[in-house]
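Structure first, commentary second.
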Amino acid sequence: MRVLYFAWLREKVGLAEERLGPEVSADTPRALIALLRARSPGHEAAFAELARIRCVVDETLCPLDAPLLDAREVAFFPPFTGG
Amino acid sequence: MNKLLITEAPFDAGAELASLAATGAGGIASFIGAVRAADERGAALAALHLEHYPGLTQAALARLAEAATMRFDLAGVVIIHRVGRLLPGEMIVLAATASSHRGPALEAVGFIADQLKTAIPFWKAEELPDGTKQWLAPKAADEALARNWLETWPADANGHKE
């Protein structure tokens with residue numbers, strides 16, 4: 001699974017992208033976050049406030065409790081601020 | 001005639017408006033967003049950084065253009081949004097529309113500009129003169145504006161089609 005980070009999540013984690021092996025298994029984005037938080041102090045800081053985090057699974061915006069199933073790509077980021 | 005572009009390069013707003021005029025629709029409207037020289041408290045800004053989610057942005061822009069076209073009966077839509085590091089005064093975004101009348105053309109530009117703030121995967125960070133970056137949070141007012149369009153749909157569109 002590919003995990004992508006954008007904006008301040010990318011800066012706090014220190015990576016734009018990481019690949020997780022099949023040994024990392026989570027049923028929902030929220031469960032995946034719990035696993036990712038343990039990876040480094042940067043991850044822990046990035047995921048400190050879940051209310052400020054949005055998630056896309058395989059290019060579809062979804063809640064943190066959506067099923068992950070066989071997701072290929074999960075992206076975490078703050079709310080959009082375009083325009 | 002739709003043109004939906006995410007680019008680091010500057011754009012020529014005049015040329016884009018001319019291409020919409022060439023559709024023959026008759027009513028052309030546009031909004032241009034440019035980098036501010038100061039933040040909300042009046043402190044000088046050195047630059048604005050814009051980031052996007054490449055796998056998602058183009059599809060989200062296509063959906064937005066399609067929604068605007070259906071709702072306002074447009075003959076053409078141009079949305080150009082720049083990414084990267086932009087200096088104060090540089091143009092960030094162009095939203096332009098062509099319709100047979102000025103009402104729908106102007107309204108559609110407002111709709112697109114409001115949706116660009118909250119519905120497309122872009123993120124902005126302000127760069128201060130000392131080089132530090134502050135990521136912007138969405139404003140409640142912007143979210144309310146974007147939501148308001150969705151709540152008035154489809155009743156509003158029926159009005160336009162009469």
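Below, all heavy atoms of this structure are taken into account, side chains as well, without hydrogens, waters or symmetry copies. A, B, ... follow the sequence lines: proteins, then strands. Residue 1 opens every chain.
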key: A/Asp27, CG: over 12 other non-hydrogen atoms inside 6.0 angstrom   = no

request  = Please find out if less than 6.0 Å separates the ring center of A/Phe6 from that of B/Tyr53.
outcome  = yes

remark   = So, the part of B/His52 with a heavy atom under 4.5 Å from chain A: the answer is backbone

query = Would you say B/Leu145 and B/Phe111 are hydrophobically clustered, going by side-chain heavy atoms of ILVMFWY under 4.5 Å?
reply = no

ask   = Around B/Glu66, counting heavy atoms of other residues, nucleotides and ligands shown, do more than 12 lie under 6.0 Å from its CD?
value = no

message = Please classify the contact between B/Ala95 and chain A as side chain, backbone, both or neither, with a heavy-atom cut-off of under 4.5 Å.
response = neither

ask   = Side chain, backbone, both or neither: which part of A/Leu4 has a heavy atom under 4.5 Å from chain B?
value = side chain

query = Is it true that B/Leu74 and B/Leu17 fall in one hydrophobic cluster, defined by side-chain heavy atoms closer than 4.5 Å?
reply = no

inquiry  = Side-chain heavy atoms nearer than 4.5 Å, only ILVMFWY residues, links allowed to pass through others: does that put B/Leu116 and B/Val77 together?
reply    = yes

request  = Quick one: which of B/Ala119, B/Gly33, B/Ala60 has the most heavy-atom pairs under 4.5 Å with chain A, could you say?
outcome  = B/Ala119

message = Please check: side-chain N/O of A/Glu59 versus main-chain N/O of B/Leu56, any donor-acceptor pairing under 3.5 Å?
response = no

inquiry  = Treating B/Lys124 as the side-chain partner and A/Gly82 as the backbone partner, does any N or O pair qualify as donor plus acceptor under 3.5 Å?
reply    = yes

task = Verify the cluster assignment for B/Val109 and B/Ile32: are they in a single hydrophobic cluster under the rule of side-chain heavy atoms below 4.5 Å apart?
result = no

ask   = What residue, out of B/Leu50, B/Val93, B/Ile120, has the most heavy-atom pairs lying under 4.5 Å from chain A?
value = B/Ile120

query = Are B/Val83 and B/Leu61 connected in a single hydrophobic cluster, I mean Ile/Leu/Val/Met/Phe/Trp/Tyr linked by side-chain heavy atoms less than 4.5 Å apart?
reply = yes

ask   = Given that the side chain runs from C-beta out, which part of B/Lys139 has a heavy atom under 4.5 Å from chain A: side chain, backbone, both or neither?
value = neither

task = Might you work through the side chain to side chain contact (heavy atoms under 4.5 Å, CB included) test for B/Thr118 and A/Phe80, ending with a clear yes or no?
result = CA-CA 5 Å; B/Thr118 57; A/Phe80 306 147; 5.6 Å; no

query = Which region of A/Arg52, side chain (C-beta onward) or backbone (N, CA, C, O), has a non-hydrogen atom less than 4.5 Å from a non-hydrogen atom of chain B, or is it both or neither?
reply = neither

